[in-house]
Amino acid sequence: MIKYLIEKEFKQIFRNPFLPKIIIALPMMAMLVFPWAANQEIRNIKVAVLDRDHSTISRRMTDKIDASTYFILSALPATNEAALRSVETGDADIIIDIPQDFEKNLISPPQSPHKGGSADIMLSANAVNSMKAGLASSYLGGIAADFMSELRNENGLVISQPLPVINVVSQNRFNVFLDYKIFMIPALMVMMLTIICGFLPALNIVSEKELGTIEQLNVSPVRKSTFILSKLIPYWIIGVCILTLCLTLACAVYQLLPAGNIPLLYFLSIVYILVVSGIGMIISNYSSTLQQAMFTMFFFILIMILISGLFTPVRSMPEWAQWLAAANPLTYFIKIMRMLFLKGSGFADLWQPFLVLCGFGVLFNSWAVWSYRKSG
Amino acid sequence: MISIKNISKHYKTVEALKNISLEVNEGELFGIIGPDGAGKTTLFRILTSLLLADSGQAAVDGLDVVRDYKELRRRIGYMPGRFSLYQDLTVEENLHFFAAVFNTTIEENYYLIEDIYKQIEPFKTRRAGKLSGGMKQKLALSCALIHKPRVLFLDEPTTGVDPVSRKEFWEMLRKLKTQGITIAVSTPYMDEATLCDRIALMQHGELLTIDTPANIIAAYPKKLYRMEATMKKEEVKTNPKVETCFLFGEYWHLTFKNDIEPTWKLKEIQPTIEDCFVEKMK
């Protein structure tokens with residue numbers, strides 16, 4: 001009997017003028033467009049340099065900033081007012097104020113009346129986007145330090161006794177070039193599975209409620225569990241197809257292959273699909289119209305995505321938000337996907353989040369069955 | 001065949017059914033007649049095991065609607081008031097689907113639906129949502145019949161259907177009756193009442209009377225007169241001799257306390273079910 005029910009579901013999905021297109025378009029967008037757009041790397045910061053020194057060194061410094069891929073030299077204002085105005089109009093994100101006697105201070109010996117061996121510059125950043133301002137300041141700090149050591153090496157400068165310097169050499173493991181896209185792609189796959197396997201079947205059930213067709217099935221010998229399964233199975237199949245599509249695209253476009261075991265990835269995905277379809281079922285049991293179901297879903301999907309570590313690390317959230325994240329199945333699956341994809345973790349490393357997911361699966365699905373009994 | 005004992009049901013503050021008792025015999029075409037909100041749909045939903053009553057028992061074909069609901073669902077056919085088939089499946093696919101859901105095939109019980117289905121068969125590849133109102137009803141009836149139910153529940157099957165299709169629909173029901181299927185049908189149309197074997201008049205969750213249409217009409221307690229509605233309402237109502245007056249289209253239907261009003265142009269008429277209903281509602 002379930003065969004006919006599933007056959008009917010597929011017929012309805014493919015006959016829908018809109019649904020098949022969106023089912024294909026969504027993962028394509030997610031893989032081809034989002035990784036470029038949902039990008040937190042800061043590049044192309046517009047810099048205004050207010051050079052009051054007009055010396056060789058101040059000019060070299062300016063050129064060095066301009067040469068960096070992070071910065072665009074957008075203005076060379078003559079006065080402080082002009083510099084501030086360029087920030088107001090949006091022509092500059094950050095102002096570098098190089099004071100008079102910059103070169104003199106830097107080059108003259110330490111004992112001279114000038115400060116000697118050290119000089120100040122001032123950075124003023126537009127902190128409306130705090131992340132951009134913070135990163136821009138630290139990048140510029142790095143460039144300045146770099147420039148200093150360059151000068152020292154050239155001129156055997158000044159310095160009577162060599163300053164102790166700790167050189168930090170960093171090595172980025174698992175994502176060598178710190179490519180944000182690689183960080184995002186596994187998480188975007190999680191998002192796709194959440195939407196397609198959690199929310200589509202729930203909306204489908206609510207629409208049968210709204211159309212009254214569910215009554216016709218309720219008076220038939222079809223068991224409720226059979227009915228629910230016939231709703232879920234098509235979307236499970238579609239979910240696995242979409243995962244395959246996403247993996248193929250990630251491989252073709254970004255040369256990103258999961259470092260871990262691919263069957264394990266599918267297995268854990270299926271466990272996750274069970275969890276989200278449980279959530280969808282709960283929502284469908286409590287709503288009687290599509291509008292209610294849609295809004296409830298928007299509410300939960302927004303919270304789940306923002307408090308899952310998809311964009312921002314959970315550890316930097318306030319404690320209450322970390323608790324919320326701990327109660328969010330998305331958190332665990334995103335963790336699993338990233339570990340599998342980037343670190344190549346095996347099951348031995350993943351059993352903890354796996355068990356948590358299983359727990360969520362049992363919890364949500366029993367809740368779904370219980371609330372369905374109550375409403376039906 | 002259908003046995004209802006002291007069924008009550010309320011929704012929050014509304015009492016939808018108040019202590020209803022009713023027996024329907026095997027092979028009967030039984031009508032439940034009442035205006036919107038009388039409780040007809042609630043009663044049908046209880047009998048089809050879709051809703052639990054607050055108190056009382058009901059059995060269909062000897063099966064308790066609560067305890068034996070699984071077996072019950074195999075033996076009944078239900079056609080809800082709203083068109084509830086899959087609009088994006090074709091006529092044929094809908095029929096095939098409902099046959100499959102009841103573990104049967106179209107071929108097995110085709111003789112039962114043949115007369116009805118033949119009329120929509122030319123459109124069998126058309127999607128159900130694109131059918132006209134009358135054809136939708138025929139398809140819905142075919143789907144409710146495909147598993148050869150012993151009892152058929154039709155909730156307002158003719159609401160929103162044109163008069164010709166309505167007439168056809170009732171002819172189909174009479175034919176089905178000859179196959180031995182017990183049919184319970186609800187309708188707000190009084191003129192359809194005379195087409196049933198027996199009817200129950202229902203109002204505000206209560207049964208006013210249960211009898212054959214002829215007996216109900218014969219039991220009308222007064223002589224009924226008809227008069228063209230040329231006079232003002234107040235003038236008719238305030239006449240001291242008038243007991244009841246109701247406007248039926250372009251006529252007044254009147255009863256008098258004792259004597260008739262001699263100056264009016266009156267014609268004695270046979271009461272209709274609607275007159276009886278109105279009389280019972282007082």
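Values below: all heavy atoms of this structure, side chains included; hydrogens, waters and symmetry mates excluded. Throughout, a chain's letter reflects where its sequence line sits, starting with A, and its residues are numbered from 1. Predicted, not measured: the structure shown is a model, and the values here were computed from it.
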Considering all heavy atoms of both residues, which atom of Gly212(A) and which atom of Ser84(B) are nearest to each other, and what is their separation?
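Result for this residue pair: O-CB, 3.3 Å.
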Contact summary for Gln216(A) and Tyr78(B), nearest pair of heavy atoms:
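Gln216(A) and Tyr78(B) have their closest heavy atoms at NE2-O, 3.3 Å.
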So [Y] and [X], do their side chains get closer than 4.5 Å, heavy atoms only?
X: Arg15(A); Y: Leu89(B); value: yes
X: Leu50(B); Y: Val219(A); value: yes
X: Ser220(A); Y: Arg73(B); value: no
X: Glu215(A); Y: Arg82(B); value: no

Which atoms of Leu5(A) approach chain B - backbone, side chain, both or neither, heavy atom under 4.5 Å:
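Both parts, backbone and side chain.
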So for atom [atom1], which belongs to [X], do other residues, nucleotides or ligands contribute more than 12 heavy atoms lying within a distance under 6.0 Å?
X: Tyr266(A); atom1: OH; value: yes
X: Tyr11(B); atom1: OH; value: yes
X: Tyr189(B); atom1: OH; value: yes
X: Phe298(A); atom1: CZ; value: no
X: Arg223(A); atom1: CZ; value: no

Measure distances from [X] to the heavy atoms of chain A and classify the residue's part below 4.5 Å as side chain, backbone, both or neither.
X: Phe83(B); result: backbone
X: Glu93(B); result: side chain
X: His147(B); result: neither

Roughly how far, to the nearest 0.5 Å, is the CG atom of Leu217(A) from the CZ atom of Phe97(B)?
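Phe97(B) atom CZ to Leu217(A) atom CG measures 5.0 Å (nearest 0.5 Å).
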What residue in Ile2(A), Leu211(A), Val222(A) has the most heavy-atom pairs under 4.5 Å with chain B?
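That would be Leu211(A).
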Please determine, by modelled atom types, if Tyr86(B) and Glu208(A) share a side-chain donor-acceptor pair under 3.5 angstrom.
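Looking only at side-chain atoms, Glu208(A) and Tyr86(B) do form a donor-acceptor pair, the distance falling under 3.5 Å.
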